[in-house]
Trainee: 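I'd like to ask some things about the structure below.
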Amino acid sequence: MNNYFSLKGKVAVVTGSSTGLGQSMAIGLAKAGADIIGIASRSNQDETMKEIEKTGREFYQIQADLSKKTEINSIVQDSINKKGRIDILVNNAGIIRRNNAENFSDEDWDDVINVNLNSVFRLTREIGNHMIANGSGKIINIASMLTFQGGLKVPAYTASKHAIAGLTKSFSNEWASKGINVNAIAPGYMITNNTKALREDKKRYEYITSRIPQGEWGTPEDLKGSVVFLASNASRYINGHILCVDGGWMSS
Ligand code: NAD
């Protein structure tokens with residue numbers, strides 16, 4: 001049974017691995033046997049490194065700004081150089097900006113679309129080319145409940161996360177026959193920096209919590225199993241799927 005989920009000998013690139021969901025998924029993949037290349041904008045990934053080293057796996061960190069188109073090629077080359085191959089890509093890095101739709105600035109729009117969408121497209125295309133040459137690969141994009149719903153005061157975030165569904169399906173259609181599984185995870189409401197403002201708005205926090213069938217917000221720990229599943233042989237015949245990890249939110 002263990003073999004289905006083993007990632008022994010695999011190399012995974014995880015973006016946004018310094019904190020939150022990305023950090024937890026990187027540790028989960030390492031626990032399943034993968035060495036990790038973690039990309040984040042913050043220089044300090046010591047906590048992630050410490051936890052991964054405890055698993056006996058290797059951790060390589062790359063500090064880069066994914067919003068800059070010009071940095072993508074060197075990020076990809078640096079990542080490949082670390083271990084000579086990449087088997088798994090988790091496109092997790094993301095930002096959110098909040099403002100009323102009528103006041104939402106061009107700058108906030110561009111910042112969010114650049115990180116949440118443009119960098120995912122470019123990294124997937126470039127690392128995907130490397131995977132195509134290897135004849136195998138697993139790509140996991142991080143979507144959101146706002147892949148399906150409109151949300152409030154987050155038009156750029158919602159647009160970017162709707163687009164993640166389209167990107168996942170379109171790349172999957174072209175690459176499933178080349179040995180590459182492209183899927184997405186849509187986390188529900190999880191306790192991280194990204195949702196701090198939402199949790200501090202008492203009214204919205206209570207409303208959201210009351211709408212979650214499981215009755216509680218998720219934690220970064222809750223994504224470990226799903227990311228290992230989509231990165232492993234257990235998901236060999238799963239393509240273009242968006243797996244909701246949401247305490248039942250989408251069914252309520
Ligand atoms: P977070 O703010 O805790 O972490 C974001 C990570 O992305 C950090 O490691 C940061 O360094 C990295 N990052 C941000 N901008 C970057 C850039 N320009 N270049 C390189 N790295 C950059 O957020 P989180 O809650 O862990 O969210 C991770 C992903 O999950 C995001 O895509 C987010 O949209 C998605 N998500 C989160 C929730 C939630 O409830 N927290 C729900 C659904 C989806």
Side-chain angles (χ1 to χ4, degrees), residues 13-28 36-49 59 61-72 74-76 78-79 89-98 108 110-120 122-124 140-149 151 154 156-165 167-168 184-201 204-205 208-209 211-212 216-224 226-227 242-247 249-250:
V13 169
V14 180
T15 68
S17 51
S18 64
T19 181
L21 306 183
Q23 180 182 61
S24 178
M25 288 189 286
I27 296 165
I36 309 295
I37 299 162
I39 300 167
S41 50
R42 290 180 210 158
S43 53
N44 189 342
Q45 294 204 62
D46 290 356
E47 201 180 297
T48 310
M49 178 175 289
F59 179 70
Q61 56 176 307
I62 296 178
Q63 189 196 348
D65 184 355
L66 287 165
S67 70
K68 296 205 163 71
K69 186 178 170 178
T70 47
E71 291 201 10
I72 299 289
S74 66
I75 293 171
V76 172
D78 262 18
S79 303
L89 167 64
V90 182
N91 282 309
N92 163 78
I95 58 172
I96 194 161
R97 298 277 166 80
R98 297 174 196 279
D108 280 345
D110 289 342
D111 287 351
V112 172
I113 297 295
N114 273 333
V115 179
N116 295 14
L117 178 59
N118 292 342
S119 83
V120 174
R122 294 187 181 113
L123 267 190
T124 303
I140 301 146
N141 295 327
I142 302 306
S144 164
M145 294 297 97
L146 300 190
T147 293
F148 311 101
Q149 300 169 330
V154 287
Y157 185 85
T158 299
S160 71
K161 293 298 183 180
H162 270 63
I164 286 297
L167 214 57
T168 301
I185 294 172
Y189 287 86
M190 320 295 279
I191 301 170
T192 69
N193 297 334
N194 177 294
T195 54
K196 191 165 178 281
L198 206 51
R199 283 179 285 116
E200 283 170 355
D201 181 339
R204 287 216 60 211
Y205 175 74
I208 289 168
T209 311
R211 243 214 74 179
I212 303 172
E216 58 184 341
W217 287 48
T219 70
E221 187 67 23
D222 291 316
L223 289 192
K224 285 193 168 87
S226 321
V227 78
I242 301 168
L243 176 61
C244 294
V245 180
D246 64 350
W249 176 275
M250 284 305 295

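In this text the structure is predicted, and so the values were computed from the model without any measurement. Order of appearance sets the numbers: ligands from 1, and atoms from 1 within every ligand.
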Trainee: Check whether any side-chain heavy atom of Y189 lies under 4.5 Å from a side-chain heavy atom of T209, and answer yes or no.
Mentor: no

Trainee: Heavy-atom contacts with S67 under 4.0 Å: which atoms of ligand 1 show up? List them by number with element.
Mentor: 18 (N)

Trainee: Can you list the ligand 1 atoms lying under 4.0 Å from a non-hydrogen atom of A64?
Mentor: 19 (N), 20 (C)

Trainee: Looking only at heavy atoms, is any part of L66 under 4.0 Å from ligand 1, and if so is it the side chain, the backbone, or both, or is it neither?
Mentor: both

Trainee: Would you mind running through ligand 1 and noting each atom that sits below 4.0 Å from a heavy atom of V115?
Mentor: 15 (N), 18 (N)

Trainee: Is there a nitrogen or oxygen of T192 sitting under 3.5 Å from a nitrogen or oxygen of ligand 1?
Mentor: yes

Trainee: Taking non-hydrogen atoms only, is M145 closer than 4.0 angstrom to ligand 1 via side chain, backbone, both or neither?
Mentor: neither

Trainee: For E47, does the CD atom sit with more than 12 other heavy atoms under 6.0 Å from it, leaving out its own atoms?
Mentor: no

Trainee: Could you check whether any heavy atom of G188 sits closer than 4.0 Å to an atom of ligand 1, since that is the contact criterion I want to use?
Mentor: yes

Trainee: Compute the minimum heavy-atom distance from W217 to ligand 1 and say whether it is under 4.0 Å.
Mentor: no

Trainee: Please report the shortest heavy-atom distance between R98 and A197, naming the atom on each side.
Mentor: NE-CB, 3.8 Å

Trainee: For ligand 1, which atoms sit closer than 4.0 Å to a heavy atom of A40?
Mentor: 11 (O), 20 (C), 21 (N)

Trainee: What do the steps show when you test N118 against I113 for side-chain contact (heavy atoms from CB on, under 4.5 Å), and what is the final call?
Mentor: CA-CA 6 Å; N118 292 342; I113 297 295; 3.9 Å; yes

Trainee: Give the minimum heavy-atom separation between I140 and V227, together with the two atoms involved.
Mentor: CD1-O, 3.9 Å

Trainee: Can any side-chain N or O of R199 pair as donor or acceptor with the backbone N or O of T192 at less than 3.5 Å?
Mentor: yes

Trainee: Which atoms from ligand 1 have a heavy atom of A143 less than 4.0 Å away?
Mentor: 43 (C), 44 (C)

Trainee: Does V115 reach the side chain of D111, with side-chain heavy atoms less than 4.5 Å apart?
Mentor: no

Trainee: Please could you name the atoms of ligand 1 that I95 approaches to less than 4.0 Å, counting only its heavy atoms?
Mentor: 14 (C), 15 (N)

Trainee: Going by the closest heavy atom to atom 32 (O) of ligand 1, which one wins out of I75, I142, N92, N194?
Mentor: N92

Trainee: So do the side chains of V112 and I96 get within less than 4.5 Å of each other, counting heavy atoms only?
Mentor: no

Trainee: Report yes if some heavy atom in the side chain of S79 is under 4.5 Å from a heavy atom in the side chain of I39; otherwise report no.
Mentor: yes

Trainee: With a 4.5 Å cut-off on side-chain heavy atoms, are W217 and L198 touching?
Mentor: yes

Trainee: Is any side-chain heavy atom of D78 closer than 4.5 Å to one of I37?
Mentor: no

Trainee: Counting only heavy atoms, tell me which of S24, S119, S41, G38 gets closest to atom 22 (C) of ligand 1.
Mentor: S41

Trainee: Mark yes or no for whether K161, through its side chain, and I142, through its backbone, hold a donor-acceptor pair below 3.5 Å.
Mentor: yes

Trainee: Among T19, N193, L21, V120, which one has a heavy atom closest to atom 26 (O) of ligand 1?
Mentor: L21

Trainee: So is Y189 polar-close to ligand 1, meaning N/O to N/O under 3.5 Å?
Mentor: no

Trainee: Under 4.0 Å from a heavy atom of G16: give me the atoms of ligand 1 that qualify, with their elements.
Mentor: 6 (C), 7 (O), 8 (C), 9 (O), 12 (C)

Trainee: If you count the atoms of ligand 1 from 1 in the order shown, which ones are under 4.0 Å from a heavy atom of G20?
Mentor: 3 (O), 26 (O)

Trainee: So is K68 in contact with ligand 1, going by heavy-atom distances below 4.0 Å?
Mentor: no

Trainee: Is T195 touching ligand 1 with its side chain, its backbone, both, or neither, if touching means heavy atoms under 4.0 Å apart?
Mentor: side chain

